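Data block below; observations after.
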Amino acid sequence: MEITELTPAERRVRQAFPLGEGVDFRENADEDPAAGATWGPERTVRAAVLRGLLLNGPSRDGEIAGLKLWGARITGELNLKYGRVEHPVRLRSCSFEETPNLYGATLRILALNDSVLPGLTAGHLHVDGVLRLTCCRIKGPVRLAGAQISGAVFANGAHFGDPAATEPPEEPVLQLNHADIGTDLWAPGLVTHGRIRLNGATVGGQVTLDDARLNAPGGHALEAETLSVGTDVHAMRLRAHGRVDLRGARIGGQLNLAYAALANPGGVALRVSSCVAGEMWLREAKPVVGTVNLRRAQFDVLYVPPEVWPDEVKLDRLTYGSLLPHLPAEERLPVLERERAGYVSYSYEQLAGAYRTAGDEAAARTVQLAKLRRHRRTLPWYAKVWGHLQDATVGYGFRPMRAAGWLLALLLTGALAFALHPPRPLKTDEAPDFNPFFYTLDLLMPIIGFGQEGAFAPRGGYQWLSYLLVVTGWTLATTIATGITRSLARQ
């Protein structure tokens, strides 16, 4: 394009380009680029002019060329598809008339801070440095699927999607699926109206979504299946309306959802199934509205207060080393009752193991007892009767002192009854002196004998009492042996 065809505004841009100097069209630093459609020709630049400069622009010896604009209205389509741009591109606080097309392009640096765009098409984009979308407002989809960014992606304070839309759009508003980001995805304060897709993306450093607001009611607010993160995912104070999905993610450090508010009424609010991370934190988070799915997830540390769990959970095969904060087992057990699959033995074993790791054996025994009681509800009636008997007598082997109490009560009852009404001797000349205490003990203990039971025979109702003591003694002894055997097997 000849220089004679350029407008005064475009001529300023062309003159600054080979020197790498910036051109600021703004009247003041606080003006809103959303009003860019009203800007006149004095600050309007055609996209074709920018394309010509970036691909074949003039250079000057000893200078580093670059495109630096503030407050420009850019008309037409900025088409750099498959192009290779050797200069930094900085288009800050600009208003784009059409969606730029950077599909498959290779750039050094791309900065669109504070700009307003109808969309961004940049799938398989290659950026040797950083991609800056800080405080951008983009109503249409931001297509960065398969992009390769050697540095960081900055989207802090950005707004993606149309807040006036009555329903979330079908296409994700931010697409970074299968993208490769060399360092960090930095997006604190991000606001989206539609889905974020990070499926299969790789982030070498950290993902930061602190104070983000993700709005996709009834759909996916964050879709990040098989996401790979080198260090941490920070989403403190995240507000998500819709599903947060991290199924199969691999996070080297911490998944931090402290102070978050997650809601997806009638659906899954948080899905972290098959995820592997060092730690997962929901410290002081709001109670989750919707189902939480942590099936097959693995964490070294899991920090979830009981009040955060929703009414329905999926925890089968969830594995963790430590469960924080450390609370009595009675406060943790109700969560396992909310399991959608019903009784899941593994969840109780995992909780008991966490208490043992923390050195709280009493809590571990409480969990094991609760597990057996929960399992009992799934058994046929006759097995339930036997289970109730084991529970009442020895607490399935986890309450051995309860058996001693039963024995003592029966022993005192029998001794008192037979002391008041001694049974008659079978052989008067051969019978030993009657002792109500050892006679009752003879009836109760099926193995040990003191010579009393075979020498005396009670009558009437006391005969039935002796039968009851014999049967009770055998039952109690069998129950104690079964419970103790089960307890020793677990140890």
Side-chain angles (χ1 to χ4, degrees), residues 1-122 125-138 140 142 154 158:
M1 182 175 293
E2 297 294 334
I3 192 169
T4 56
E5 299 179 13
L6 300 180
T7 66
E10 293 168 347
R11 192 173 291 111
R12 287 181 59 189
V13 176
R14 181 182 175 89
Q15 290 171 351
F17 177 81
L19 303 175
E21 295 178 350
V23 178
D24 192 347
F25 291 108
R26 295 176 298 176
E27 296 178 356
N28 61 76
D30 297 328
E31 68 180 16
D32 189 353
T38 65
W39 295 343
E42 71 282 356
R43 54 192 303 181
T44 299
V45 179
R46 287 168 291 176
V49 174
L50 301 181
R51 182 178 187 273
L53 290 173
L54 292 172
L55 297 179
N56 300 294
S59 61
R60 185 173 298 183
D61 291 342
E63 301 293 344
I64 300 175
L67 181 61
K68 300 178 184 179
L69 291 185
W70 285 266
R73 178 190 175 203
I74 301 174
T75 60
E77 181 189 39
L78 179 58
N79 188 347
L80 296 172
K81 186 175 181 179
Y82 297 118
R84 185 175 188 87
V85 178
E86 301 293 343
H87 318 292
V89 181
R90 298 182 175 92
L91 300 170
R92 300 187 176 101
S93 299
C94 292
S95 176
F96 287 77
E97 182 183 74
E98 298 183 22
T99 298
N101 188 348
L102 309 179
Y103 186 90
T106 300
L107 289 81
R108 295 298 182 107
I109 291 175
L110 177 61
L112 299 172
N113 304 34
D114 302 293
S115 293
V116 175
L117 302 89
L120 178 61
T121 299
L125 174 71
H126 292 248
V127 179
D128 293 337
V130 299
L131 171 61
R132 294 186 181 273
L133 301 173
T134 299
C135 296
C136 279
R137 281 168 285 175
I138 305 178
V142 179
F154 294 89

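What you see is a predicted model; the values in this text were computed from it and never measured.
Residue L55 qualifies as enclosed at atom CG: its count of foreign heavy atoms under 6.0 Å is above 12.
When side chains are defined from C-beta on, I109 does not count as touching D128, because their heavy atoms never get closer than 4.5 Å. You'll find the side chain of V85 stays beyond 4.5 Å of the side chain of T106, heavy atoms only. Side-chain contact between L133 and F154: absent, with no pair of heavy atoms (C-beta onward) separated by less than 4.5 Å. In this structure, L117 and P100 have side chains that are in contact, with non-hydrogen atoms separated by less than 4.5 Å. Using a 4.5 Å heavy-atom cutoff, the side chains of L91 and L67 are in contact. The shortest distance between side-chain heavy atoms of C94 and L69 falls below 4.5 Å. Residues D32 and R137 form a side-chain contact, since some pair of their non-hydrogen atoms from C-beta on lies under 4.5 Å apart.
Here T134 pairs with N156 under the side-chain hydrogen bond (donor to acceptor under 3.5 Å, both in side chains) rule; sequence neighbours left out. In terms of the side chain to side chain contact (heavy atoms under 4.5 Å, CB included) criterion, residue partners of V127 (sequence neighbours excluded) are, by chain and number, L125, I149. Not counting sequence neighbours, the partners of Y103 by the ring-ring contact (aromatic ring centres under 6.0 Å, His included) test are Y82, H124. For E31, the side chain to side chain contact (heavy atoms under 4.5 Å, CB included) test picks out R26, E27, N28, W39, R43, with sequence neighbours left out.
Taking 4.0 Å as the cut-off between side-chain N and carboxylate O, R12 and D24 do not count as a salt-bridged pair. A salt bridge does not link E21 with K68: none of the charged nitrogens is closer than 4.0 Å to a carboxylate oxygen.
When every heavy atom of V45 is checked against every heavy atom of A72, the shortest pair comes out as CG2-CB, 4.5 Å.
Within the 3.5 Å criterion, the main-chain N or O of E77 finds no donor-acceptor partner in the side chain of E97.
Among pairs with a residue in residues 84-94, those fulfilling side-chain hydrogen bond (donor to acceptor under 3.5 Å, both in side chains) read R84-E86, E86-R108, at least two apart in sequence or across chains. Screening residues 50-66 for side-chain hydrogen bond (donor to acceptor under 3.5 Å, both in side chains) gives no qualifying pairs among residues at least two apart or on separate chains.
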